[in-house]
Amino acid sequence: MTHHADFSTLIDYWFGELDEAAQTALDEHYLGCGACSARLAEVEALASGVRRAFTGGLVRGVVTPAFVEKVRSSGVRVREYRVERNGSVNCTVAPEDQMLVSRLQAPLEGVRRVDVVVSSSVTQGPLRFDDVPFDPAAGEVVMAPSIAYVKSMPAYVTVMRVLAVEAGAERVLGEYTFSHSPHASSG
Ligand SMILES: [Zn+2]
């Protein structure tokens with residue numbers, strides 16, 4: 001790769017979602033490019049509190065509202081779904097979308113640790129994210145599904161549960177249902 005990486009590619013790189021050839025090309029490009037190295041450092045700094053999933057597939061991590069705003073202001077096309085507590089939403093993703101976020105609204109006042117459990121009709125067991133970043137004042141937890149994975153999927157249903165963990169016990173703060181359909185023009 002001799003050209004600079006765009007911000008959305010940097011995000012994918014950081015999440016470890018580029019294929020091996022693209023990853024190698026970008027590794028090599030960084031060695032000689034101060035501009036891209038600086039931008040990757042910017043992504044890494046922003047993402048310091050972000051939980052990444054290393055299992056691949058459906059969900060790639062839990063991010064912060066600040067991360068989403070930075071990504072958006074860098075020109076990345078972000079599609080987001082804000083879901084009320086115990087709510088559900090019909091969702092899709094367009095071919096031109098570059099990042100997908102789910103903003104789960106939950107009462108987080110006084111909560112010290114939040115875990116998120118993701119179950120879906122297309123993955124084997126539930127996927128659990130321990131001690132995720134959240135802003136009690138914002139009252140939301142922001143999940144970032146893998147957009148490449150979602151674009152490749154037929155219709156499916158995902159349920160996310162936000163849990164408060166206290167002294168070894170846990171209680172459900174909210175449950176959020178996403179009914180995904182492929183983009184209308186992609187069929
Ligand atoms: Zn560059």
Side-chain angles (χ1 to χ4, degrees), residues 1-83 91-104 114 116 118 120 122-123 127-135 137-138 140-154 156 158 160 178 180 182-187:
M1 183 187 293
T2 54
H3 55 279
H4 297 307
D6 64 22
F7 205 80
S8 126
T9 303
L10 290 181
I11 302 281
D12 292 345
Y13 177 84
W14 185 80
F15 275 112
E17 287 185 354
L18 294 180
D19 62 40
E20 201 173 328
Q23 177 102 10
T24 302
L26 203 44
D27 282 338
E28 286 167 4
H29 176 85
Y30 283 130
L31 294 176
C33 181
C36 285
S37 300
R39 295 218 302 164
L40 183 63
E42 204 180 337
V43 171
E44 284 171 346
L46 258 174
S48 62
V50 173
R51 290 287 178 277
R52 277 191 281 186
F54 294 100
T55 51
L58 186 60
V59 179
R60 65 185 186 180
V62 184
V63 301
T64 59
F67 185 80
V68 176
E69 289 322 306
K70 175 64 186 178
V71 167
R72 194 199 313 276
S73 70
S74 300
V76 174
R77 188 177 166 120
V78 179
R79 176 182 292 264
E80 62 177 43
Y81 289 97
R82 183 180 187 279
V83 187
C91 55
T92 189
V93 59
E96 64 272 25
D97 294 332
Q98 295 174 299
M99 187 175 182
L100 184 60
V101 295
S102 307
R103 311 187 79 124
L104 314 179
V114 170
V116 179
V118 180
S120 90
V122 291
T123 53
L127 181 61
R128 185 171 186 127
F129 293 85
D130 294 333
D131 199 11
V132 304
F134 68 98
D135 177 357
E140 65 177 359
V141 174
V142 187
M143 304 295 291
S146 165
I147 194 161
Y149 183 82
V150 174
K151 281 179 179 175
S152 74
M153 293 304 294
Y156 68 92
T158 298
M160 300 186 188
F178 296 83
H180 174 80
H183 194 254
S185 68
S186 68

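Every value quoted in this text rests on a predicted model; they were computed, and no experiment measured them. Just follow the structure's listing: the first ligand is 1, and inside any ligand the first atom is 1. No hydrogens, no waters, no symmetry mates; every other heavy atom, side chains included, goes into these values.
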*Shell of protein N/O/S atoms around the Zn ion (ligand 1), taken as anything under 2.8 Å*: His4 ND1, His29 NE2, Cys33 SG, Cys36 SG
*asked:* I'd like to know if the side chain of Lys151 reaches the main chain of Pro95, judged simply by a donor and an acceptor atom lying under 3.5 Å from each other, with no hydrogens or angles considered.
replied: yes
*Say you draw a straight line from OG1 of Thr64 to CD of Glu69; how long is it, rounded to the nearest 0.5 Å?*
9.5 Å
*Asp12 and Thr9: side-chain donor and acceptor closer than 3.5 Å?*
no
*State which residue, out of Ser102, Cys91, Ser120, fulfils the side chain to side chain contact (heavy atoms under 4.5 Å, CB included) condition with Thr158.*
Ser120
*Measure the shortest side-chain to side-chain distance between Val122 and Tyr149 over non-hydrogen atoms and say whether it is less than 4.5 angstrom.*
yes
*Phe7 side, atom CZ; Lys70 side, atom NZ - distance, nearest 0.5 Å*: 5.5 Å
